[in-house]
K.L.:
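My questions all concern the structure below.
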Amino acid sequence: MAKRAGVSIATASKAINDRGEVAAATRARVLRAAAELSFQPNVLAQGLVAGRTRAIGLLTDEFDGRFAIPILLGAENALSNQEMSVLLCDTRGDAIRRNHYIRTLLARQVDGFIVVGDSNDVRTSLTADLPVPAVYVYCRSSNPDDLSLVSDDAGGARLAIEHLMALQRKHIGHITGPQHYRAARDRAAAVHAVLAEQGLTLAGGQPLHGEWSQRWGRHAARVLVATAPEVDAIFCGNDQIASGVAQSLTDLGRRVPDDVAIVGYDNWEIFAADCKPPLTTIDLNLQQLGTTAVTHLFAALEGNPATGVVRQPCRLVVRESTA
């Protein structure tokens with residue numbers, strides 16, 4: 001290309017990289033020669049010279065799960081807008097596999113890491129082993145000096161209960177997942193707090209903890225109706241549980257939402273939109289979480305890292321199960 005344009009390799013490089021030391025006519029001649037030869041700059045080589053490869057490593061423990069894919073889509077959109085690429089590695093919860101991928105990504109000289117969790121819970125920090133910035137998403141790093149972006153579980157539960165109370169429901173039950181999940185505990189605590197603010201108590205006295213499954217939802221709904229027949233609304237820990245609750249209420253002759261209103265969680269459309277009736281639910285804004293992670297990672301790359309836990313607000317999606 002330099003030969004075709006009649007310039008030195010150094011001048012051709014300056015022209016291609018839009019550096020100011022090249023005359024406009026020379027730059028135009030070089031760019032014309034590049035177009036004629038279909039020349040494409042070596043992005044990796046450019047990155048190495050500049051100290052950046054314009055690639056981000058993304059580590060997830062459950063790529064085929066509910067949460068990783070939307071977060072990845074949000075991150076990938078934000079990265080592509082900046083002409084950066086993402087290298088995805090699914091560790092499958094295996095520490096040996098995770099360490100292998102970290103070594104591999106560092107050998108590729110990625111500019112930073114996005115670490116995606118699967119439960120909004122605490123995970124061991126990887127930052128001590130990383131010479132580049134990292135942002136933790138949908139999990140909380142064990143190191144308070146790291147930046148962790150999580151969904152606001154307490155805020156999401158408040159949205160659900162306030163929506164049900166606005167519909168004049170007074171006997172609200174809560175069916176959710178295992179108690180060892182931080183998300184389940186945080187939501188349950190928020191449910192009690194919001195009800196107490198209005199002088200109400202939880203139907204049945206306590207949340208019903210079990211599996212994140214339709215089967216548990218079906219069983220727990222029967223238990224709740226038997227122990228608190230006055231129940232007129234149920235807030236569920238996820239959309240699978242809510243779908244099972246709706247099935248059992250129908251079998252028990254309770255109309256949804258006329259007799260019992262239902263709110264789910266996650267806005268997983270395979271359950272929420274296909275439920276009978278379709279579920280009102282809480283959306284975690286997972287794609288926005290991925291986009292926000294990229295924004296914070298760019299800030300860290302520019303020397304302005306943030307620390308601590310940032311909780312992203314959720315949003316209420318109203319469908320026929322409460323309408």
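Note that the numbering runs from 1 along the sequence shown for the chain.
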K.L.:
Are Tyr265 and Ile234 connected into the same hydrophobic cluster when the rule is that any two of I, L, V, M, F, W, Y join if their side-chain heavy atoms are below 4.5 Å apart?
P.N.:
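Ile234 does not cluster with Tyr265.
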K.L.:
Where do Gln240 and Gln214 come nearest, in terms of heavy atoms and distance?
P.N.:
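Answer, listing the atom of Gln240 first, then Gln214: O-CG, 3.2 Å.
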K.L.:
Relative to Tyr136, does Arg123 satisfy both conditions: NZ or CZ under 6.0 angstrom from the six-membered ring centre, and within 45 degrees of the ring's axis?
P.N.:
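The answer is no; the distance or angle limit is not met.
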K.L.:
Report, as yes or no, whether the 6.0 Å neighbourhood of atom CD on Glu83 holds more than 12 heavy atoms from other residues, nucleotides or ligands.
P.N.:
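Not buried by this count: 12 neighbours or fewer within 6.0 Å.
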K.L.:
Could you report the tightest heavy-atom contact between Asn267 and Ala272, atom names first, then the distance?
P.N.:
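That would be OD1-CB, 4.2 Å.
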K.L.:
How are the rings of Trp212 and Tyr181 set relative to one another: parallel (under 30°), tilted (30 to 60°) or perpendicular (over 60°)?
P.N.:
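Perpendicular.
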K.L.:
If you take all heavy atoms of Ile282 and Ala160, which pair is closest and at what distance?
P.N.:
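The answer is CD1-N, 4.0 Å.
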K.L.:
What's the spacing between Leu88 CG and Leu105 CG if we round to 0.5 Å?
P.N.:
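Nearest 0.5 Å value for the CG-CG distance: 9.5 Å.
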K.L.:
Evaluate the criterion side-chain hydrogen bond (donor to acceptor under 3.5 Å, both in side chains) for residue pair Glu302 and Asn304; output intermediate values, then yes/no.
P.N.:
CA-CA 6 Å; Glu302 296 300 323; Asn304 299 302; over 6 Å; no
K.L.:
For a quick check under 3.5 Å, do Thr60 and Asp90 share a side-chain donor-acceptor pair by atom type?
P.N.:
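Distance-only check fails for Thr60 and Asp90.
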K.L.:
Please tell me whether Leu79 and Leu289 are part of a single hydrophobic cluster in this structure, the criterion being side-chain heavy atoms less than 4.5 Å apart.
P.N.:
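They do share one cluster, since a chain of ILVMFWY contacts under 4.5 Å joins Leu79 to Leu289.
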K.L.:
Rounded to the nearest 0.5 Å, what's the gap from CZ on Arg315 to CG on Leu159? Could you check?
P.N.:
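One gets 11.0 Å once the value is rounded to the nearest 0.5 Å.
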K.L.:
Check Ile175 against Ala220 and note the closest heavy-atom contact, atom names and distance.
P.N.:
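Of all heavy-atom pairs spanning Ile175 and Ala220, the closest is CG2-CB, 3.5 Å.
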K.L.:
Drop me the distance from Lys276's NZ to Glu320's CD, to the nearest 0.5 angstrom.
P.N.:
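So the gap between those two atoms works out to 13.0 Å.
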K.L.:
Go through it in stages, so that I can follow the logic: the residues are Arg254 and Asp259, the test is salt bridge (charged side-chain N to carboxylate O under 4.0 Å, His left out), and I'd like the CA-CA distance, side-chain angles, deciding distance and then a yes or no.
P.N.:
CA-CA 6 Å; Arg254 299 290 182 100; Asp259 299 323; 6.0 Å; no
K.L.:
Specify whether Phe271 and Trp268 have parallel, tilted or perpendicular ring planes, treating 30° as the upper limit for parallel and 60° as the lower limit for perpendicular.
P.N.:
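If you compare the ring of Phe271 with that of Trp268, the planes turn out perpendicular.
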K.L.:
Could you tell me which non-hydrogen atom of Ser151 sits nearest to which non-hydrogen atom of Tyr138, and how far apart they are?
P.N.:
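So the two residues come closest at OG-CE1, 3.7 Å.
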K.L.:
Among the clusters formed by ILVMFWY side chains lying less than 4.5 Å apart, do Val231 and Leu202 turn up in the same one?
P.N.:
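In one cluster: no.
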K.L.:
Does CG belonging to Leu252 count more than 12 external heavy atoms closer than 6.0 Å?
P.N.:
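More than 12 within 6.0 Å, yes.
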K.L.:
Between Arg140 and Asp153, does at least one N-O distance fall below 4.0 Å, as a salt bridge requires?
P.N.:
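Not counted as a salt bridge, because no side-chain N and carboxylate O are separated by less than 4.0 Å.
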K.L.:
Side chains of Thr280 and His163: do they bring a donor and an acceptor to under 3.5 Å?
P.N.:
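Distance-only check fails for Thr280 and His163.
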K.L.:
Taking all heavy atoms of Ala300 and all of Pro133, pick out the closest pair and write down the distance.
P.N.:
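Minimum heavy-atom separation between Ala300 and Pro133: CB-CB, 3.7 Å.
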K.L.:
Tell me whether Leu130 is reachable from Ile114 by hopping between hydrophobic residues (I, L, V, M, F, W, Y) whose side-chain heavy atoms are closer than 4.5 Å.
P.N.:
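Each belongs to a different hydrophobic cluster.
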K.L.:
How long is the span from the CG atom in Leu195 to the CD1 atom in Ile161, to the nearest 0.5 Å?
P.N.:
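The CG atom of Leu195 sits 5.5 Å away from the CD1 atom of Ile161.
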K.L.:
Please answer whether the main-chain N or O of Thr176 pairs with a side-chain N or O of Trp216 as donor and acceptor at a distance below 3.5 Å.
P.N.:
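Yes, the answer is positive, given that a donor and an acceptor are paired below the 3.5 Å cut-off.
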K.L.:
Cut-off 3.5 Å, side chains only: do Gln287 and Thr291 have a donor facing an acceptor?
P.N.:
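No.
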K.L.:
Looking only at the side chains, is there a donor atom on one of Asn143 and Thr127 sitting less than 3.5 Å from an acceptor on the other?
P.N.:
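There is no such pair between these side chains.
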K.L.:
Determine whether a donor-acceptor pair (N or O, by modelled atom type, separation under 3.5 Å) exists between the side chain of Thr292 and the backbone of Gln288.
P.N.:
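Yes: the side chain of Thr292 pairs with the backbone of Gln288.
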K.L.:
Could you tell me whether the side chain of Asp232 and the main chain of His171 form a donor-acceptor pair under 3.5 Å?
P.N.:
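At least one qualifying donor-acceptor pair exists.
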K.L.:
Does the Asp111 side chain pair with the main chain of Arg54, one donor and one acceptor, at a distance under 3.5 Å?
P.N.:
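Answer holds: yes.
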K.L.:
If hydrophobic clusters are built from ILVMFWY residues whose side chains come within less than 4.5 Å, do Leu224 and Val245 share one?
P.N.:
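Hydrophobic grouping puts Leu224 with Val245.
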K.L.:
Name the residue from Arg92, Arg98, Arg97 that meets the salt bridge (Lys or Arg N to Asp or Glu O under 4.0 Å) definition with Asp61.
P.N.:
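It is Arg98, the one option of Arg92, Arg98, Arg97 that forms the salt bridge (Lys or Arg N to Asp or Glu O under 4.0 Å) with Asp61.
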K.L.:
How long is the span from the SG atom in Cys314 to the CG atom in Asp283, to the nearest 0.5 Å?
P.N.:
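Separation between the atoms: 8.0 Å.
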K.L.:
Can any side-chain N or O of Arg311 pair as donor or acceptor with the backbone N or O of Val150 at less than 3.5 Å?
P.N.:
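No, because the side chain of Arg311 does not come within donor-acceptor range (under 3.5 Å) of the backbone of Val150.
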